[in-house]
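Whatever order the structure lists them in is the order used to number ligands and atoms, beginning at 1. Side chains are part of it too, since the values below use all heavy atoms of this structure and drop only hydrogens, waters and symmetry mates. Sequential numbering from 1 along the given sequence is applied to the chain's residues.
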Amino acid sequence: MKLQLALDLVNIPEAIELVSEVQEFVDVVEIGTPVVINEGLRAVKEVKEAFPQLTVLADLKIMDAAGYEVMKASEAGADIITILGAAEDESIKGAVEEAKKQGKEILVDMIAVKDKKARAIELDELGVDYICVHTGYDLQAVGQNSFEDLLTIKSVVKQAKTAIAGGIKLETLPEVIKAQPDLIIVGGGITGKDDKKAAAAEMQNLIKA
Ligand SMILES: O=C([C@H](O)CO)[C@H](O)[C@H](O)COP(=O)(O)O
């Protein structure tokens, strides 16, 4: 199991400062969708240049023009790029093909997919690297989480790695760990703490225990 730090509500200098603080306790750094919207792929480039030893994920949530967008994110230095599970199969295939060409990985975000079990089976067959269940900010706000969905996809996925994101905190981490996803994505559970280093360290300790 690996720990991914999601950076969503920062600019580039703040992102670099935050990663400096917690780098020894995280495996993957996510340049979140809001950061890409505000700063562009320059955020991916600058974070990867500052921390070449870390895996950098570009959370583009691609919906179309997938091969081209995966190519541009790869050129910026992303190691993993996200696409939406709701995208057309042609887009998923384009993303997977381009990522393979560039030596990168594709993570599919299942946000807003209704039949997650059926779609996870299809995505697994399309050769994606990760399938991620995700409760976005707007559904977190009405009390939802993705713990059940993680068990659902884990019961059918044969080849892809599994991931979970959305509102995971220290208090809920043990329940997530029980389901043994390959990747646990945490944003506010670390970035919202006064002592971010201690929060990341505590989470990494639980994950690696
Ligand atoms: O993907 C995310 C969200 O849609 C905003 O772009 C977050 O990175 C993801 O939800 C993890 O952040 P937290 O929910 O704060 O843990």
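- When heavy-atom distances to ligand 1 are checked against 4.0 Å, the residues falling inside are Ala6, Asp8, Glu30, Thr33, Pro34, Asp59, Lys61, His134, Tyr137, Gln140, Gly166, Gly167, Val186, Gly187, Gly188, ordered by chain and number.
- Under 4.0 Å is where a charged nitrogen must lie from a carboxylate oxygen, and between Asp129 and Lys104 no such pair does.
- Ion pairing of Lys61 with Asp59 is present here, as a side-chain N (NZ or NE/NH1/NH2) and a carboxylate O approach within less than 4.0 Å.
- Residues Gln53 and Gln23 bring a donor and an acceptor atom of their side chains to less than 3.5 Å of each other.
- Counting only residues at least two apart or on different chains, the salt bridge (Lys or Arg N to Asp or Glu O under 4.0 Å) pairs with a member in residues 160-173 are Glu105-Lys161.
- In summary, Glu122 and Arg119 engage in a salt bridge, as defined by a charged side-chain N under 4.0 Å from a carboxylate O.
- Looking only at side-chain heavy atoms (C-beta outward), Thr162 and Leu183 stay at 4.5 Å or farther from each other.
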